[in-house]
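Structure, as structure tokens:
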Amino acid sequence: MTPPVDLAREQRGVVRGAGLAAVTSFLIVLLAWFSGEAIVARTDDPVARLSLALRLDLAVVLCLAVAIGRVANARFASVDDIGAATAPTESAAVRERRAVLQNTLEQVVLAVPVHLALALLLPPDRLAVIAALVLLFVAGRVAFTLGYARGGPGRAFGFGLTFYPTAAALVAAGALVLGG
């Protein structure tokens with residue numbers, strides 16, 4: 001029997017992790033905003049801008065490939081899991097890795113189109129923001145994966161580092177579309 005969860009304590013841990021992720025994300029994006037051309041060369045060419053975003057987003061897609069590989073590796077190494085969906089049971093290790101994979105897939109599906117939109121909508125001297133978003137995404141996926149087994153508080157920082165910048169970028173892209 002599993003011990004009861006102290007919901008209030010868990011929620012405080014999630015709020016702490018998410019708050020730290022929000023502050024960290026804000027500071028890194030702010031640094032990228034003001035570093036501008038020192039990080040990424042200015043360009044007005046839409047093809048070059050999309051190309052930049054796609055090259056940077058290879059790191060985002062790599063996160064997905066790693067998550068897929070981790071599930072496959074866990075299944076391969078376990079007599080209970082090698083049958084995948086045809087097996088009658090699933091180990092805790094595979095279940096956890098599949099949860100990380102599912103969340104990573106959801107995050108990638110949201111992040112890549114937002115990054116492409118920003119590549120076309122941001123001022124030419126602010127493209128470093130996309131590099132910052134990718135950096136935050138990768139760091140967030142690492143933190144999420146490493147903290148997953150520790151429950152909500154363990155996942156909160158990594159989730160927030162991945163999701164909050166993407167969500168804010170989506171809002172910013174919408175504002176740029178409406179304002180421009």
Report task. List the steps, then state whether side chain to side chain contact (heavy atoms under 4.5 Å, CB included) holds for L136 with T162. Result -> CA-CA 6 Å; L136 289 165; T162 308; over 6 Å; no
Is there a path from [X] to [Y] through hydrophobic residues (I, L, V, M, F, W, Y) whose side chains come within less than 4.5 Å of each other?
X	Y	value
V138	V61	no
L110	F159	yes
V109	L56	yes
L20	V14	no
Y148	F163	yes

Which atoms form the tightest heavy-atom contact between [X] and [Y], and what is the distance?
X	Y	result
A132	I28	CB-CG2, 4.0 Å
G13	A156	O-CB, 4.5 Å
S25	G160	OG-O, 4.3 Å
L127	A119	CD2-O, 3.9 Å
S35	I39	CB-CD1, 3.4 Å
A131	V40	CB-CG2, 4.3 Å

Distance in Å, [X] [atom1] paired with [Y] [atom2], rounded so as to fall on 0.5 Å steps:
X	Y	atom1	atom2	value
L116	D57	CG	CG	6.0 Å
L120	L176	CG	CG	11.0 Å
R70	T104	CZ	OG1	9.0 Å
F144	F157	CZ	CZ	13.5 Å
R141	L161	CZ	CG	9.5 Å
D125	F34	CG	CZ	11.0 Å

Any [X] side-chain heavy atom under 4.5 Å of [Y] side chain:
X	Y	result
H115	V134	yes
E10	P153	yes
C63	F137	yes

Report task. Test R42 against R126 for side chain to side chain contact (heavy atoms under 4.5 Å, CB included), laying out the working first. Result -> CA-CA 8 Å; R42 174 192 180 107; R126 302 296 184 220; over 6 Å; no
Query raised in the report: Donor-acceptor pair, S78 side chain versus A74 backbone, under 3.5 Å?
Result: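 Absent.
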Report task. Start with the C-alpha gap between R49 and I130, add the side-chain angles, then the distance that decides, and say whether side chain to side chain contact (heavy atoms under 4.5 Å, CB included) holds. Result -> CA-CA 10 Å; R49 294 162 68 105; I130 299 168; over 6 Å; no
Query raised in the report: What's the verdict on side chain to side chain contact (heavy atoms under 4.5 Å, CB included) for L118 and L133, showing C-alpha distance, side-chain angles and the deciding distance?
Result: CA-CA 11 Å; L118 284 180; L133 293 172; 3.5 Å; yes
Requested in this report: Identify the residue among R95, Q102, R98 that makes a side-chain contact (heavy atoms from CB on, under 4.5 Å) with V71.
Outcome: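 Result: among R95, Q102, R98, R98 is the only option passing the side-chain contact (heavy atoms from CB on, under 4.5 Å) with V71.
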Query - Side-chain donor-acceptor pair present, S51, R55, cut-off under 3.5 Å - result: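 Checked: S51/R55 side chains pair up, N/O donor to acceptor below 3.5 Å.
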Query raised in the report: Excluding sequence neighbours, so at least two apart, what forms salt bridge (Lys or Arg N to Asp or Glu O under 4.0 Å) with R150?
Result: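 For R150, no residue satisfies salt bridge (Lys or Arg N to Asp or Glu O under 4.0 Å) once neighbours in sequence are set aside.
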